[in-house]
Amino acid sequence: MDDLSDKGFPISRTYLEMWARLRDEQFLTLNRPEEMAFHAGFEGQRALRTWKDRVQRLANLGFIALVPGPLGDLSYAVFYNPYHIIKRAYLAGKVQERKWQSLVVRANEVSAFDLDDLDDKGNLIPDEDDEDETEKPKPKPKSKPKPNG
């Protein structure tokens, strides 16, 4: 993740701090930015500005989407699957081979099979259940034979 950001602008601590606040919905209200900045490791006069910069970088790289609201442009964040973002970056040649292999091994160790959700072009592979429902025609009810008379 940090390798995808410009050198000297690590984003992983900011991501981890926000990710730790998520629940099941993958949607986060950014209503405590000073606190989030502190917990991401930023202190001093530029803490909030640095945090906002890292959040914007996460959005630019596709890890999150920012949604404007009552707190301005950084009111809400929608989180995307980081495995998918990193696999697409790898397929685009933006991730070192050794780091990619390390991620694949670690994902298998923790039984995270999200990398298998994308094909070799970075497209989402539909679940078999979804495929079954959309591709198989529904059986037509058999009609009763009409009497001949």
Side-chain angles (χ1 to χ4, degrees), residues 1-140:
M1 182 180 279
D2 287 338
D3 288 355
L4 296 174
S5 185
D6 292 331
K7 188 171 181 148
F9 298 94
I11 56 175
S12 59
R13 291 189 323 188
T14 302
Y15 183 86
L16 183 59
E17 157 54 23
M18 293 190 321
W19 179 80
R21 295 171 182 264
L22 285 175
R23 301 296 173 248
D24 291 332
E25 65 275 353
Q26 303 306 94
F27 182 84
L28 182 65
T29 301
L30 304 176
N31 60 350
R32 299 169 88 174
E34 291 87 358
E35 180 182 303
M36 290 182 195
F38 178 79
H39 287 288
F42 305 118
E43 296 184 77
Q45 292 178 329
R46 295 183 294 212
L48 186 57
R49 183 173 58 182
T50 303
W51 178 82
K52 287 180 178 181
D53 172 73
R54 298 311 191 275
V55 171
Q56 188 61 57
R57 289 173 186 274
L58 285 164
N60 293 345
L61 290 168
F63 287 99
I64 63 172
L66 295 173
V67 181
L71 301 171
D73 290 341
L74 275 73
S75 290
Y76 308 103
V78 178
F79 281 68
Y80 299 116
N81 188 320
Y83 285 111
H84 295 176
I85 305 307
I86 293 171
K87 183 169 183 176
R88 288 183 180 121
Y90 169 74
L91 293 171
K94 297 177 183 176
V95 175
Q96 296 175 27
E97 184 67 32
R98 67 185 180 87
K99 290 190 176 185
W100 170 251
Q101 293 302 327
S102 176
L103 177 65
V104 170
V105 168
R106 185 67 183 135
N108 284 323
E109 288 174 350
V110 298
S111 299
F113 303 110
D114 304 60
L115 294 171
D116 298 333
D117 294 346
L118 302 178
D119 64 18
D120 290 338
K121 294 181 182 177
N123 299 314
L124 197 59
I125 300 169
D127 287 339
E128 287 181 18
D129 294 338
D130 296 341
E131 225 173 68
D132 289 345
E133 291 176 16
T134 57
E135 289 185 15
K136 289 183 183 175
K138 300 205 181 213
K140 294 180 182 177

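Heavy-atom basis, side chains included; hydrogens, waters and symmetry copies ignored.
Counting only N and O atoms by type, the side chains of Glu97 and Tyr90 include a donor and acceptor under 3.5 Å apart.
With rounding to the nearest 0.5 Å, the separation of OG in Ser12 from CH2 in Trp19 is 13.0 Å. For the atom pair CD1 of Ile86 and CG of Asp114, the computed distance is 11.0 Å after rounding to the nearest 0.5 Å. Ile11 contributes atom CD1, which lies 5.0 Å from atom CG of Leu61 (distance to the nearest 0.5 angstrom). Between the CD atom in Gln96 and the CG atom in Leu103 there is a gap of 13.0 Å [rounded to 0.5 Å]. Here CD of Glu43 is found 11.5 Å from OG1 of Thr50. Values are rounded to the nearest 0.5 Å. Here the straight-line distance linking atom CD1 of Ile125 with atom CG of Asp116 works out to 7.5 Å at 0.5 Å rounding.
Across all their heavy atoms, Gly122 and Leu91 have their closest contact at N-CD1, 3.4 Å. A pairwise comparison of heavy atoms in Pro70 and Ser75 identifies N-OG, 3.5 Å as the closest pair. Scanning both residues, Asn31 and Pro33, for their nearest heavy atoms gives C-CD, 3.3 Å. Heavy-atom minimum distance, Met36 versus Thr29: CE-O, 3.7 Å. Annotation for Gly69 and Tyr76: closest pair CA-CE1, 4.1 Å, computed over non-hydrogen atoms. Pairing each heavy atom of Gln26 with each of Leu22, the nearest pair is C-CD2, 3.8 Å.
More than 12 heavy atoms of other shown residues, nucleotides or ligands fall within 6.0 angstrom of atom CH2 in Trp100. When the shell of 6.0 Å around CG of Asp120 is examined, it contains 12 or fewer heavy atoms from other residues, nucleotides or ligands. Other residues, nucleotides and ligands contribute only 12 or fewer heavy atoms inside 6.0 Å of the CG atom of Asp73. In Arg21, the CZ atom is crowded: over 12 heavy atoms of neighbouring residues, nucleotides or ligands sit closer than 6.0 Å.
With respect to Asp53, the side chain to side chain donor-acceptor pair (under 3.5 Å) criterion is satisfied by exactly one of Arg49, Gln56, Arg57: Arg57. Of the listed residues (Thr14, Ile85, Leu66), just one forms a side-chain contact (heavy atoms from CB on, under 4.5 Å) with Leu58, and that residue is Thr14.
Under the 4.5 Å side-chain criterion, counting only non-hydrogen atoms from C-beta, Asp3 is not in contact with Val95. With a 4.5 Å cut-off on side-chain heavy atoms, Leu30 and Met18 count as touching. Two residues are said to be in side-chain contact when any heavy atoms from C-beta on lie closer than 4.5 Å; Pro10 and Arg54 meet this criterion. Residues Tyr15 and Phe79 form a side-chain contact, since some pair of their non-hydrogen atoms from C-beta on lies under 4.5 Å apart.
Tyr83 has its ring centre no less than 6.0 Å from the ring centre of Phe113.
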